[in-house]
Amino acid sequence: MLFVQQPVFLCPVLNQFCTCSGYCNQLILPNNILQLMTLSAKTKHAVAAALKSLLPDAEINSDMISINLTKPEFTGDYTVVLFPFVKLLRMKPDALGTLLGDYLLAHTDLYASYAIVSGFLNLTIKDNVWAHFLLNNFNDAQFGEQRGEAERVMIEYSSPNTNKPLHFGHLRNIFLGAAVSEILKATGNEVIKANLINDRGIHICKSMIAWQHYGNGDTPESTGMKGDHLVGHYYVKFNDVYKAQVAELIAAGKDEKTAEKEAPIMLETQEMLRKWEAGDAETRTLWQTMNGWVYKGFDVTYDKLGVSFDKMYYESDTYLLGKQLVEEGLQKGVLFKKEDGSVWIDLKDEGLDEKLLLRGDGTSVYITQDLGTAKLKYDQYKLDKSVYVIADEQNYHMQVLKLILKKIGEPCADGIHHLSYGMVELPTGRMKSREGTVVDADDMANEMIALAREQAEAAGKTEGFTEEELNKLYATIGLGALKFYLLRVDPKKKMIFDPKESIDLHGFTATFIQYAHTRICSILRKENLPLMPTAQHFASFRLTEEIAPLEKKLILHLEQYPSILAAAATEFNPSELCIYAFQLAQMFNSFYDVHSISKAENEEKKQLRIMIVVMAASVLRHAMHQLGIALPEKM
RNA sequence: GGUCCGGUAGCUCAGUUGGAUAGAGCAUCAGCCUUCUAAGCUGGGGGUCAUUGGUUCGAAUCCAAUCCGGAUCACCA
């Protein structure tokens, strides 16, 4: 089995870390090293070595060598941009290109031909290099994965409040966190998936108060409602009552601020929070009961979405942490105390403001507990990295958090990374659960599954399935479409979702990719082959004919997968895999339309094409698996 | 007001450290099912890359200014 290694060798030609293992001074690399490098990397090395040999005096650094995929309208596979050298070497692009092209052809075994078009050297890779690549990798289910120095990474995501059900915006967070976890695992890291539940505070008490007053003893069992939805219902109820009371007080002559402070239900809620903090038995029991309902509801949703966690943190356990860190900071002189006893940090030198860390009465604020939790995580797991999947509205908060830890001298500071994502908005603006303008996560999932059913039935695709198989299939398609829809966009961009328009099952979607996969499965069934045929099946394969353009396009794209996966990992960006997989499926569909496998021109073509589609299906499965999307064999 | 993020086709989005004539999907129009699954394929129309200036062989990409949208700057969480 072949794995792309972590770049750990300092390459003498490129003067940077890469996979060449230091062999690249020699133009012909040892076979075992060659196999580990992508053709793009090999080409970069070959060009570097060629320039060094041809023009030993020229000062050429690796940044100047830019290797791109050749644009489809030109002949070639990889393109070397010649302009950066032109000025330095005082040579015309064509002359340099010829020199370089001839040298590469004479001294390496990779290129069949070259062409120079207005300053670009287009290199065509030999067909047998592609054939080798296929034979070596076509049935490697782990193609693209890395086994390097693993880092231990915690990824915190989801992190819900226990006063309402999950909504569409949470789904983006959950899918991002789950996908990034898988991507980091596939690139050689040890991943701990964590969920920090916000289970206490005034907002939790709001649903509790409303339930006490208006709940009539309702339970999930008595009403048949999912626990999180039942509790969420009373959260909305609280706000309705609160608004009415405030309006009443204003009508009675109070100003708005006073009215908001003095609304009876708000006073009751604050009293309840005080009782909770004092450990009042009755309050705690109610709190546990209602949170229990919510957790049961969340479990159902997480289970349906196919996500899980390795470690749960509860804010009721962690909210008192962090005070000790503040003490340390005071002793070190990093923090200071104001006259009223409150503790602050001065971040003006960093372009920020002063920030409060402890109130005058010694109680914590939001960021205090986050400081403590960051340290707790680090101490428990000795993390190299700690990733927080949190919406971009908290960019400032996370920046301050990291800065404070750094100033206090906590070792956990360096590993903290905020995976910031844009909010999902409705055409009318932000979703507000208080106002009931949310798209519920459970509803959304169910609607997507129903849509999958509707479209399958309309297309007459239900034959040959049992009812059970169909239900499973609709879930795979519907949830796949939902995940893909939320993951295909660059995380940092905000999204607008219009509930009136359903999520599409055509075009740039998971369904499109799933469909391409089922077509490949269908081909293999017809050929009586398993999804992963053995290498022996192709033992007699010899390439004698030219590889057709649509065949080559697929092979070339497959060869890119390891670098795409690696980029998705370093940038914490699953959307790169979405785009990659969609393009691969697209290329397959075009290929499929033109080249038959069952009726291939000859046995050689048949074998070549089978290797291509087997590998395409395998890479599609791998890429989609990272996103939590399954690919059915039939649909 | 300070800081940060964004502005690319009617809509939703791609566009690697600056590279060739700015690309997909949706929508729209025109074709393609006796042939491995048409949830598919092929083609057409559709662009002042917010604006202006700069940097250079070359700018959607880098710099500056301006305009528009959003987030944030609490002894809330």
Side-chain angles (χ1 to χ4, degrees), chain A residues 62-64 66 68-71 73-74 79 81-84 86-87 93 117-120 122 161 198 200-204 315 319 338 340 342-344 351-353 355-361 363-367 369-370 391-397 399-400 420 422-423 425 429-430 452 455-456 458-459 461 477 481 485 488-490 492-498 501 504-509 511-516 518-527 563-564 567 571 575-576 578-579 582-583 585-586 588-600 609 613 634-635:
Chain A
S62 65
D63 293 344
M64 297 165 70
S66 132
N68 305 319
L69 288 174
T70 304
K71 299 254 169 197
E73 54 267 39
F74 301 101
T79 294
V81 184
L82 297 171
F83 292 110
V86 167
K87 206 174 189 181
V117 184
S118 57
F120 297 91
N122 296 334
N161 294 323
N198 290 291
R200 63 159 287 283
I202 191 83
H203 52 301
I204 308 298
E315 198 187 291
Y319 82 110
K338 288 197 176 172
D340 63 355
S342 58
V343 181
W344 297 73
L352 307 174
D353 215 337
K355 182 90 185 172
L356 175 88
L357 297 184
L358 278 184
R359 294 188 185 103
D361 62 7
T363 55
S364 325
V365 291
Y366 179 45
I367 201 159
Q369 50 180 292
D370 275 358
D392 61 7
E393 60 184 356
Q394 298 212 36
N395 284 355
Y396 179 75
H397 174 79
Q399 192 187 352
V400 170
S420 162
M423 314 274 286
E425 294 179 7
R430 287 178 63 168
Q455 303 227 350
K461 298 249 176 193
I477 294 172
Y485 180 84
R488 68 183 190 181
V489 181
D490 188 334
K492 69 170 179 282
K493 293 203 177 182
K494 74 170 184 210
M495 304 180 64
I496 295 170
F497 173 67
D498 189 345
E501 295 170 19
D504 213 325
L505 300 184
H506 303 274
F508 185 23
T509 63
T511 315
F512 181 92
I513 294 163
Q514 288 167 328
Y515 185 66
T518 60
R519 281 176 142 184
I520 295 175
C521 295
S522 175
I523 290 169
L524 296 173
R525 271 196 303 275
K526 185 149 187 177
E527 294 297 320
S563 55
I564 300 290
E571 284 156 40
S575 77
E576 302 198 20
C578 294
I579 293 163
F582 173 66
Q583 289 170 340
Q586 227 177 5
F588 165 76
N589 278 331
S590 299
F591 160 93
Y592 176 89
D593 206 49
V594 175
H595 298 297
S596 172
I597 284 175
S598 66
K599 293 181 184 163
R609 288 175 193 163
V613 301
K634 276 194 215 169
M635 64 190 276

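Letters A, B, ... mirror the listed sequences (proteins, then strands); counts begin at 1.
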Between B/G44 and B/A22, how many Å separate the two P atoms, rounded to a whole number? 15 Å
Mind checking A/A456 for me? I need base, sugar-phosphate or nothing, with any heavy atom below 4.0 Å counting as a touch. base
Distances for protein N/O vs nucleotides 72-77 of chain B N/O pairs under 3.5 angstrom?
| from | atom 1 | to | atom 2 | distance (Å) |
| --- | --- | --- | --- | --- |
| B/C75 | N4 | A/D340 | OD2 | 2.2 |
| B/C76 | OP2 | A/R359 | NE | 3.1 |
| B/C76 | OP2 | A/R359 | NH2 | 3.3 |
| B/A77 | OP1 | A/R359 | NH2 | 3.2 |
| B/A77 | O3' | A/E315 | OE2 | 3.3 |

Atom CG in A/L358, atom CG in A/L356: separation rounded to 0.5 Å? 7.5 Å
Given the P atoms of B/C11 and B/G47, what is the spacing between them in whole Å? 12 Å
What string of B, S and - do you get for nucleotides 10-20 of chain B, 5' to 3', if B is base contact, S is sugar-phosphate-only contact and - is no contact with any protein heavy atom under 4.0 Å? --SSS----BB
Do A/H397 and A/Y366 make a side-chain contact, defined as non-hydrogen atoms from C-beta onward lying under 4.5 Å apart? yes
Between CZ of A/F588 and P of B/C41 the distance, given in whole Å, is 11 Å
Under 3.5 Å on both distances, the Watson-Crick or G-U partner of B/G1: B/C73
Please give the distance between the C1' atoms of B/U72 and B/C13 as a whole number of Å. 26 Å
Within a strict 4.5 Å, meaning less than it, do heavy atoms of the A/Q455 and A/H506 side chains meet? yes
Nucleotide nearest A/I597 when distance is taken to its side chain, options B/A39, B/G70, B/C36: B/C36
So A/D353 and A/Y396, do their side chains get closer than 4.5 Å, heavy atoms only? yes
Rounded to the Å, how far apart are A/N395 CG and B/G6 P? 11 Å
So, OP1 or OP2 of B/C26: does either fall under 4.0 Å of a side-chain N or O from A/H506? no
Relative to A/Y319, does A/R200 satisfy both conditions: NZ or CZ under 6.0 angstrom from the six-membered ring centre, and within 45 degrees of the ring's axis? yes
Report the base-pairing partner of B/A38 (Watson-Crick or G-U wobble, both distances below 3.5 angstrom), or none. none
Is there a side-chain contact between A/I523 and A/Y592 (heavy atoms, below 4.5 Å)? yes
If you only use heavy atoms from C-beta on, which nucleotide in B/A39, B/C41, B/C36 is closest to the side chain of A/D593? B/C41
Under 4.0 Å, heavy atoms only, any strand: does A/E527 hit a base, just the sugar-phosphate, or nothing? nothing
How far does the P atom of B/G54 sit from the matching atom of B/G15, given to the nearest Å? 29 Å
Span that lies between the C1' atom of B/G6 and that of B/A14, in whole angstrom: 16 Å
Can you tell me the distance, in whole Å, between the CD1 atom of A/I513 and the P atom of B/G40? 12 Å
With the side chain counted from C-beta on, respond yes when A/F120 and A/T70 share a heavy-atom pair under 4.5 Å apart, and no when they do not. no
Starting at NE2 of A/H595 and ending at C1' of B/U35, how long is that distance when rounded to a whole Å? 16 Å
Would you mind pulling out the nucleotide paired to B/G6, Watson-Crick or G-U wobble, both distances under 3.5 Å? B/C68
Is the phosphate of B/C41 approached by A/N589 (side-chain N or O, under 4.0 Å from OP1 or OP2)? yes
Between A/N395 and A/S420, is any side-chain donor less than 3.5 angstrom from a side-chain acceptor? yes
Expressed in angstrom and rounded to an integer, what is the separation of A/K492 atom NZ from B/G69 atom C1'? 17 Å
Distance in Å, A/I367 CD1 paired with A/K355 NZ, rounded so as to fall on 0.5 Å steps: 5.0 Å
Heavy atoms under 4.0 Å, any strand shown: does A/F582 hit a base, just sugar-phosphate, or nothing? sugar-phosphate
Could you measure between the two P atoms, the one in B/A64 and the one in B/U42, and give it in whole Å? 43 Å
For B/U21, which nucleotide in any strand shown is its Watson-Crick or wobble partner with both distances under 3.5 Å? none
Partner nucleotide of B/G47 by Watson-Crick or wobble geometry (both distances under 3.5 Å): none
Which part of the nucleic acid, if any, lies within reach of A/K634 when heavy atoms closer than 4.0 Å are counted: base, sugar-phosphate only, or nothing? base
Could you check if the base of B/C33 is syn or anti? Syn means the glycosidic torsion is within 90 degrees of 0. syn
Are any of A/R519's side-chain N or O atoms less than 4.0 Å away from OP1 or OP2 of B/A38? yes
May I have the step-by-step check of side chain to side chain donor-acceptor pair (under 3.5 Å) for A/N198 and A/H203, ending in yes or no? CA-CA 10 Å; A/N198 290 291; A/H203 52 301; 5.8 Å; no
Could you tell me how far B/U8 sits from B/U61 if I compare only their P atoms? Round to whole Å. 14 Å
Note, A/R519 side chain near A/N589 side chain (heavy atom, < 4.5 Å): yes
Within the structure provided, determine whether A/I579 and A/F582 are in side-chain contact (heavy-atom separation under 4.5 Å). no
Distance, P atom - from B/G45 to B/G25, rounded to whole angstrom: 15 Å
Which part of the nucleic acid does A/K599 contact within heavy-atom distance under 4.0 Å: base, sugar-phosphate only, or nothing? sugar-phosphate
